[in-house]
Amino acid sequence: MKILKVDLSNRQIHEEEFRQQDYGFFGGRGLVARFLTDYCAPTCDPLGPDNPLIFATGYFSGTILTTSNRLSIGAKSPLTGGIKESNSGGNVARAMTDQGVKLIMVEGQSEDWVYLYIDPEGNAQLLDAAPYVGMNTYPIGKALREKYNDRIAVAAIGTAGEHLGLVSSVMCSEFNTGIPCRGAARGGMGAVMGSKKLKALVIDRAARPYKITMTPEQDKEFRELNKKIVAAVTSNPLTGQTMPLYGSAAGVDTTGKMGALPYKNFSGEFTPDWERIGTVQWRKNLIDHGGKSTIPCQPGCIVRCSNEYCDQHGNYLSAGIEYETVALCGANLGIFDTDAICTLDRLCDDYGMDTIDIGCALGVMMDQGIMAFGDSEAAIAMVRTMFDPDSQWGPILKNGCAAVADALGVPRQQIQRVPVSKRQAFAAYDPRVIRGYGLSWERGPMGADHTSGSAATYIPNLTPEQQTDYSLAVTATCDCFMCLFAWSAVNYNKEARPAICRMAGILAGMKEGPDMSMIDSNGRAILQLEYAFNEKAGITHDQDRFYGGESNYMYHVPAAATKSPYWSIQKGPLPPPPPPPKKEGDGK
């Protein structure tokens with residue numbers, strides 16, 4: 001495997017050997033943390049030439065392990081000011097692996113717009129992107145497929161990234177369809193890419209795909225262990241039944257019933273009409289309008305939770321619609337029209353925007369009377385004005401929820417709810433109901449990361465603080481290995497968890513092991529790197545608070561409770577992880 005170092009300032013590309021043994025069990029997020037620690041000055045301007053942009057594949061990318069072909073994109077975030085890794089499904093990571101590329105590090109800044117193209121023989125070159133400047137992601141995806149072929153993989157920015165929107169995303173093409181609906185959306189990675197004048201990464205189908213080398217004995221053992229992973233994923237009610245039919249939007253039923261579904265800008269009220277966007281109505285509209293479900297977003301995925309949604313006239317509208325979008329661009333805004341929600345999703349995907357931050361920003365605007373809750377036409381019109389210089393709020397909206405709150409004059413007592421942590425907007429779970437999420441958003445290195453609190457919903461016998469620390473570490477390891485949905489089935493299955501540990505050991509050339517504690521320590525080591533980066537960037541645990549104003553915008557907990565034990569590598573040996581659940585379940 002190799003590393004591509006792309007120097008945009010000098011238009012040079014260098015190749016280096018990638019040696020996995022130098023990085024332990026790091027992949028994806030772990031490699032982002034390691035390379036940013038080694039190559040990025042934490043005090044640099046995130047939109048300047050000294051902030052490298054990292055594209056990294058997962059530890060298991062290129063193997064038969066399901067959902068292992070996720071892409072991690074990382075840099076110093078222009079939104080949070082700290083370290084950021086944002087990951088995405090799609091076909092880009094597998095295309096990189098097939099070309100023998102483990103990681104791409106883009107440094108410097110180009111004077112003119114370019115795109116990075118890797119041809120079938122594995123040759124990388126920077127090409128003129130002038131014909132594509134001003135294009136959104138859907139048009140550029142189509143134009144590049146017409147120029148090359150339908151089998152290319154594309155990671156591109158839309159006009160949001162070109163305009164350096166602080167919540168702009170990098171949109172990746174989906175497996176088979178080529179639609180750019182898979183977003184590395186959080187933390188403004190699209191703005192970093194735009195600041196470098198890198199419009200797209202285009203990877204052609206490899207003429208001779210790279211193969212992961214194993215001995216016949218290792219290959220046999222790996223395949224036998226993988227059967228346990230497949231069994232865990234397919235037998236799990238969530239990943240084997242619910243998600244193929246409904247996608248992650250099925251989460252509306254869970255949070256709606258328990259009162260954790262955000263409603264009217266996280267008002268704390270129970271969402272009265274959640275069934276209108278729940279699984280039954282969602283699937284009815286999807287099928288009645290001619291849409292599709294059970295689509296794999298990446299090669300080898302057996303969860304197949306992606307979807308294509310058409311409007312009531314049968315016209316394609318959007319794809320890859322996730323729970324966070326349905327909740328935050330739906331119930332959080334008092335909108336219960338699936339066509340309107342998917343229109344907002346399509347606009348954000350096309351511009352290249354984070355639907356989480358945009359949904360929260362629109363919620364704050366509605367709370368302040370700029371629009372009325374439930375007015376979907378006004379919300380859609382507002383998003384369409386993001387790049388209109390004559391619009392009062394559009395250009396502010398492109399910078400996310402925290403920027404909207406700033407423009408409204410926060411901190412002010414009349415603005416009671418600004419759902420952000422480290423200036424990144426909340427995911428779609430009310431932290432007053434699922435406190436483990438709230439704590440993880442406060443004390444996590446990346447702010448309100450929508451995946452970092454997930455384990456807090458699975459281990460009710462732990463305290464919120466224990467849930468948080470365990471969840472942060474588990475998620476960091478997950479982001480090295482595979483998709484969170486499949487990981488949720490694997491990590492709590494008594495046969496699958498040791499199986500994936502051993503599979504990691506086979507790739508590392510180990511004769512036996514590793515044990516679970518070594519895999520768990522992987523996540524804690526990543527957190528140490530991330531916290532150390534943030535500390536050098538000036539982000540301390542005193543900033544582990546929602547929004548940061550003087551008012552009690554959501555709720556707060558004592559400072560001692562919010563500080564993670566993994567905060568600093570200066571504090572001596574790592575504390576042991578919280579104990580696992582007393583009963584090992586099937587991943588529900």
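No hydrogens, no waters, no symmetry mates; every other heavy atom, side chains included, goes into these values. All values reported here derive from a predicted model rather than from experimental measurement. One is the number of the first residue; the rest follow in order along the sequence.
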Quick note, salt bridge (charged side-chain N to carboxylate O under 4.0 Å, His left out) partners involving residues 89-105, not counting sequence neighbours, are R94-D98

Salt bridge (charged side-chain N to carboxylate O under 4.0 Å, His left out) pairs touching residues 474-486, sequence neighbours excluded, are R29-D479

Smallest separation among heavy atoms of [X] and [Y], with atom names:
X    : Y    : answer
I500 : M482 : CD1-SD, 3.6 Å
L484 : C478 : CA-SG, 3.5 Å
R145 : D150 : CB-OD1, 3.9 Å
E121 : A207 : OE2-CB, 3.6 Å
Y437 : S440 : O-OG, 2.9 Å
G74  : L36  : C-CD1, 4.2 Å

When C301, C297, S61 are each screened for side-chain contact (heavy atoms from CB on, under 4.5 Å) with N69, the one that passes is S61

Check: I321 pairs by side-chain contact (heavy atoms from CB on, under 4.5 Å) with which of D345, T355, L286?
Finding: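 When D345, T355, L286 are each tested with I321, the side-chain contact (heavy atoms from CB on, under 4.5 Å) holds only for D345.
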
With sequence neighbours left out, what residues match [X] under side chain to side chain donor-acceptor pair (under 3.5 Å)?
X    : result
T477 : none
R283 : S293
Q21  : none
D128 : none

* Residue list, ring pair (Phe, Tyr, Trp, His ring centres under 6.0 Å) with Y323, at least two apart or on another chain ->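 Y323 satisfies ring pair (Phe, Tyr, Trp, His ring centres under 6.0 Å) with Y429 only.
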
In the structure I gave you, are the side-chain heavy atoms of [X] and [Y] within less than 4.5 Å of one another anywhere?
X    : Y    : result
V101 : F55  : no
M446 : T80  : no
I212 : F222 : no
L507 : M214 : yes
D7   : H14  : no
C483 : V303 : no

So for atom [atom1], which belongs to [X], do other residues, nucleotides or ligands contribute more than 12 heavy atoms lying within a distance under 6.0 Å?
X    : atom1 : answer
K2   : NZ    : yes
R223 : CZ    : no
R205 : CZ    : no

*Ignoring hydrogens and angles, state whether a donor on the side chain of D354 or S169 is under 3.5 Å from an acceptor on the partner side chain.*
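The answer is no; no qualifying pair exists.
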
Measuring from atom [atom1] of [X] to atom [atom2] of [Y], what distance do you get when rounded to the nearest 0.5 angstrom?
X    : Y    : atom1 : atom2 : value
H450 : S86  : NE2   : OG    : 7.0 Å
W487 : F481 : CH2   : CZ    : 6.0 Å
L529 : N534 : CG    : CG    : 11.5 Å
L144 : I152 : CG    : CD1   : 5.0 Å
K147 : L127 : NZ    : CG    : 7.5 Å
S306 : E322 : OG    : CD    : 7.0 Å

Contacts of type salt bridge (Lys or Arg N to Asp or Glu O under 4.0 Å), residue [X], not counting sequence neighbours:
X    : result
E324 : none
K228 : none
K227 : E224
E221 : R502

- Message: Check this for me, if you would: do E85 and R186 make a salt bridge, where the nitrogen-to-carboxylate-oxygen distance has to be below 4.0 angstrom?
- Response: no

Do side-chain atoms of [X] reach the backbone of [Y] as a donor and acceptor pair under 3.5 angstrom?
X    : Y    : result
N51  : K76  : yes
Q125 : I13  : no
Q99  : D119 : yes
T294 : R304 : no
S173 : V154 : yes
K196 : G108 : yes
S488 : F485 : yes
T242 : P237 : yes
Q424 : G187 : yes
S77  : G82  : no

Quick check, are the ring centers of Y59 and Y23 under 6.0 angstrom apart? no

request  = Begin with the C-alpha distance, continue with both residues' side-chain angles, and end with the deciding distance and a verdict on side-chain contact (heavy atoms from CB on, under 4.5 Å) for I179 and E308.
outcome  = CA-CA 10 Å; I179 296 171; E308 290 182 19; 4.1 Å; yes

**Prompt:** Restricting to pairs with a member in residues 509-519, which pass side-chain hydrogen bond (donor to acceptor under 3.5 Å, both in side chains), not counting sequence neighbours?
**Reply:**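 Qualifying pairs: D515-S517.
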
Taking it one step at a time, do K199 and I157 satisfy side-chain contact (heavy atoms from CB on, under 4.5 Å)?
CA-CA 6 Å; K199 181 64 177 175; I157 58 171; 4.1 Å; yes

Please report the C-alpha distance between E15 and L4 in whole Å, then the side-chain angles of each, then the deciding distance to 0.1 Å, and finally whether the side-chain contact (heavy atoms from CB on, under 4.5 Å) criterion is met. CA-CA 5 Å; E15 293 185 7; L4 291 183; 3.4 Å; yes

- Task: Take L225 and I506 through the side-chain contact (heavy atoms from CB on, under 4.5 Å) test and state the conclusion after the steps.
- Result: CA-CA 11 Å; L225 292 165; I506 292 172; 3.8 Å; yes

request  = From the options E107, Q12, E16, select the one residue that forms a side chain to side chain donor-acceptor pair (under 3.5 Å) with K5.
outcome  =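 The option that passes is E16.
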
Q) Relative to the ring of Y39, is the ring of F35 parallel (under 30°), tilted (30 to 60°) or perpendicular (over 60°)? A) parallel

